[in-house]
Amino acid sequence: MPSPTDAQADLIAYLDFHVEAGADAALDEQPHDRFGEADSPAPTLRVARRPAVQADATANTLVPPPGSPPAGSPPAAPSRTFGRAASAQPDEAASDARARARQAKTLDELEQILAEFDACPLRFTARNLVFADGNPQARVMFLGEAPGADEDRIGKPFMGRSGQLLDKMMKAVGLDRTSAYIGNIVPWRPPGNRNPTPQEVAVCRPFVERQIELVDPDIIVCLGAPATQTLTGTKDGILRTRGRLFPYKLPNREVKLLATLHPAFLLRQPVQKRLAWRDFRALRSLLDGKA
């Protein structure tokens with residue numbers, strides 16, 4: 001296959017930029033020259049008149065126009081394009097998520113329930129459900145915030161540059177993806193890699209809490225502030241909470257939760273890797289029973 005020309009390579013890079021920014025859906029089947037349209041005279045708009053409501057003089061009532069639904073009929077159901085996410089209230093969606101999460105007896109069942117859950121709008125803008133990776137029988141469970149572009153494309157958490165750094169950090173303390181379990185508090189990628197909203201986190205939280213219960217780890221490692229704040233309730237930033245141990249209650253016991261820095265943060269501020277190294281050494285001591 002011949003190599004693309006410089007112009008073609010620039011166009012591919014331009015399209016990749018828009019996909020990374022979240023503009024990955026066309027609004028029409030045909031492209032439009034919006035700049036050319038701006039120079040053209042505005043078209044004449046014809047306003048369709050709404051059928052008038054007729055009065056029935058004999059009954060002194062209003063008669064709806066032809067084709068209208070009969071009086072007293074229930075309102076039309078919302079469009080199914082975005083499932084219940086188009087109309088569900090956050091509290092109702094979170095309550096439904098709790099009820100569905102409790103039904104899962106295994107991780108496979110939980111993943112299937114999540115795949116069918118339609119009250120979170122992120123499901124309809126993401127390519128894939130990013131449920132988990134690693135060993136469900138592992139003693140340590142890592143939790144990040146939400147998938148990025150690479151994770152959304154592959155369908156597994158921590159697959160991009162931050163995932164490569166996490167692999168190196170785990171390897172430094174004798175761990176890998178066969179001896180750890182990895183997930184996120186939100187299993188779908190927010191458009192444009194934006195932060196998930198508090199409402200989106202609240203809807204997804206029952207699923208990650210059930211996921212933790214089913215894995216039943218000895219230690220939970222929260223990567224970054226969003227995961228730490230979601231599972232502990234603290235409002236402090238990650239630079240204040242990193243290295244701290246929090247209690248986390250499972251149905252039959254209490255385990256330890258360790259807060260540390262997210263690999264993506266370390267890629268932006270490499271000087272902070274020394275702090276993360278301290279946290280991972282503390283993790284190793286916990287696993288060895290020395291702390």
Side-chain angles (χ1 to χ4, degrees), residues 107 110-111 114 128-148 150-152 154-189 195-196 201 204-205 207-232 234 238-239 241-250 254-268 272-273 275-288 291:
L107 289 170
L110 182 64
E111 183 175 7
L114 257 175
N128 287 301
L129 169 70
V130 182
F131 184 68
D133 192 25
N135 184 357
Q137 282 74 46
R139 294 181 58 203
V140 58
M141 181 176 183
F142 291 90
L143 283 173
E145 179 181 8
D150 292 313
E151 293 78 9
D152 184 39
I154 298 172
K156 292 184 178 181
F158 288 92
M159 289 283 109
R161 291 180 61 213
S162 61
Q164 295 171 10
L165 179 55
L166 177 60
D167 289 341
K168 293 178 180 178
M169 295 164 68
M170 290 193 298
K171 184 178 180 180
V173 294
L175 297 173
D176 58 25
R177 295 193 183 227
T178 66
S179 56
Y181 187 77
I182 305 171
N184 285 299
I185 58 172
V186 172
W188 294 286
R189 179 200 179 199
N195 294 330
V201 172
C204 296
R205 179 173 177 172
F207 294 110
V208 72
E209 290 177 338
R210 183 58 178 155
Q211 190 176 14
I212 295 172
E213 292 176 0
L214 292 171
V215 174
D216 193 28
D218 294 331
I219 304 167
I220 303 168
V221 180
C222 286
L223 302 167
T228 302
Q229 293 170 349
T230 298
L231 295 183
T232 67
T234 182
I238 192 59
L239 289 177
T241 56
R242 58 136 297 272
R244 288 174 53 187
L245 289 174
F246 296 84
Y248 187 87
K249 292 185 178 181
L250 292 172
E254 185 176 276
V255 299
K256 295 178 180 178
L257 184 152
L258 174 66
T260 190
L261 304 173
H262 196 287
F265 174 80
L266 299 176
L267 290 172
R268 297 191 299 269
Q272 305 292 1
K273 288 182 180 180
L275 299 178
W277 173 236
R278 295 177 190 172
D279 300 339
F280 270 67
R281 289 178 62 187
L283 170 62
R284 185 69 263 174
S285 296
L286 289 171
L287 290 172
D288 294 338

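You'll find the side chain of Leu143 stays beyond 4.5 Å of the side chain of Tyr181, heavy atoms only. Looking at Leu283 and Leu175, their side chains come closer than 4.5 Å, going by heavy atoms from C-beta outward. Residues Leu231 and Cys222 have side chains in contact (heavy-atom distance under 4.5 Å, counting atoms from C-beta outward).
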Would Gln211 and Leu214 count as a side-chain contact (heavy atoms from CB on, under 4.5 Å) here? Give the steps.
CA-CA 5 Å; Gln211 190 176 14; Leu214 292 171; 6.0 Å; no
Residue pair Leu114, Trp188: steps toward the side-chain contact (heavy atoms from CB on, under 4.5 Å) verdict:
CA-CA 10 Å; Leu114 257 175; Trp188 294 286; 3.6 Å; yes
When you look at Leu110 and Phe131, which way does the side-chain contact (heavy atoms from CB on, under 4.5 Å) test go after all the steps?
CA-CA 9 Å; Leu110 182 64; Phe131 184 68; 4.0 Å; yes
side-chain contact (heavy atoms from CB on, under 4.5 Å) assessment of Arg284 paired with Leu287:
CA-CA 5 Å; Arg284 185 69 263 174; Leu287 290 172; 3.4 Å; yes
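The main-chain N or O of Gln137 is found under 3.5 Å from a side-chain atom of Asn135 such that the two form a donor-acceptor pair. A donor-acceptor pair is defined here as one N or O able to donate and one able to accept, closer than 3.5 Å; such a pair exists between the side chain of Arg205 and the backbone of Thr230. Remark: the backbone N or O of Leu261 is not paired with any side-chain donor or acceptor of Arg242 at under 3.5 angstrom. Listed for the Arg189 side chain is no donor-acceptor partner under 3.5 Å among the backbone atoms of Glu151. A donor-acceptor distance shorter than 3.5 angstrom exists from the side chain of Ser285 to the backbone of Arg281, with no hydrogens or angles considered.
A side chain to side chain contact (heavy atoms under 4.5 Å, CB included) with His262 holds for exactly one of Leu165, Leu223, Thr228; it is Leu223.
Take Leu250 and apply the side-chain contact (heavy atoms from CB on, under 4.5 Å) test, not counting sequence neighbours, and it matches Ile212, Glu213, Asp216, Tyr248, Arg253, Val255. Partners of Arg161 by salt bridge (Lys or Arg N to Asp or Glu O under 4.0 Å), not counting sequence neighbours: none found.
Judged as a side chain to side chain donor-acceptor pair (under 3.5 Å), the pairs with a partner in residues 167-177 (not counting sequence neighbours) are, in order, Asp133-Arg177, Asp167-Arg177, Asp176-Thr178, Asp176-Ser179.
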